[in-house]
Amino acid sequence: MNIKNEIKSYLAATGITMTELVERLNEDLPADKKTSVQNLSNKLSRGSLRYDEAQQIAIAVGKRIEWVDNKKDDDQ
């Protein structure tokens with residue numbers, strides 16, 4: 001699953017729209033740092049979302065990004 005589909009599935013599961021997400025992301029930002037739905041949508045479509053932006057999105061939807069070890073195949 002790519003980042004666009006993953007984020008959209010989290011939004012759908014939590015009932016948050018892209019507009020609501022952008023409002024949450026912009027809450028504590030100065031005017032020159034605020035984003036728009038169009039800007040976020042473009043980043044998701046291009047796959048150019050930065051890691052810190054993905055973290056902010058996760059927090060805004062009540063999630064966190066976690067790094068876990070890959071499961072090793074028992075036959076190896």
Side-chain angles (χ1 to χ4, degrees):
M1 181 181 298
N2 65 30
I3 190 72
K4 177 182 180 179
N5 292 335
E6 194 166 342
I7 288 174
K8 287 198 169 216
S9 73
Y10 285 125
L11 291 176
T14 56
I16 298 171
T17 66
M18 284 284 282
T19 301
E20 290 171 314
L21 174 61
V22 167
E23 288 171 359
R24 290 180 185 195
L25 294 173
N26 287 337
E27 278 179 358
D28 298 323
L29 295 176
D32 64 330
K33 299 290 183 185
K34 293 186 186 291
T35 191
S36 66
V37 172
Q38 184 65 46
N39 186 37
L40 180 58
S41 185
N42 287 342
K43 286 183 178 189
L44 292 173
S45 293
R46 289 190 307 262
S48 62
L49 192 71
R50 294 187 328 256
Y51 184 72
D52 65 314
E53 293 170 323
Q55 286 178 310
Q56 292 167 349
I57 291 169
I59 291 167
V61 297
K63 303 289 184 185
R64 69 174 181 210
I65 297 173
E66 185 174 286
W67 293 55
V68 295
D69 290 336
N70 286 328
K71 293 182 180 178
K72 292 186 178 183
D73 191 3
D74 291 337
D75 296 334
Q76 293 180 348

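From a predicted model like this one, the values you see are computed outputs, not experimental measurements. The basis for the numbers below is simple: all heavy atoms, side chains too, and nothing from hydrogens, waters or symmetry mates.
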Q) Apart from L11 itself, what residues make up its hydrophobic cluster when side-chain heavy atoms of I, L, V, M, F, W and Y under 4.5 Å apart count as a link, directly or indirectly? A) I3, I7, I16, M18, L21, V22, L25, V37, L40, L44, L49, I57, V61
Q: Step by step, work out the side chain to side chain contact (heavy atoms under 4.5 Å, CB included) result for I59 and K63.
A: CA-CA 5 Å; I59 291 167; K63 303 289 184 185; over 6 Å; no
Q) Considering residues at least two apart in sequence or located in another chain, which fulfil the salt bridge (charged side-chain N to carboxylate O under 4.0 Å, His left out) criterion with D69? A) none
**Q.** All pairs passing salt bridge (charged side-chain N to carboxylate O under 4.0 Å, His left out) where residues 18-44 contributes a residue, at least two apart
**A.** K43-E53
Q: Could you tell me whether R64 atom CZ has more than 12 heavy atoms of other residues or ligands within 6.0 Å of it?
A: no
Q | Sequence neighbours excluded, every pair satisfying salt bridge (charged side-chain N to carboxylate O under 4.0 Å, His left out) that has a member inside residues 4-13 | A | none
Q: Of all the heavy-atom pairs spanning A58 and I65, show the shortest one and how long it is.
A: CB-CG1, 4.1 Å
Q: Taking side-chain hydrogen bond (donor to acceptor under 3.5 Å, both in side chains) as the test, write out the residues that go with N39, two or more places apart.
A: T35
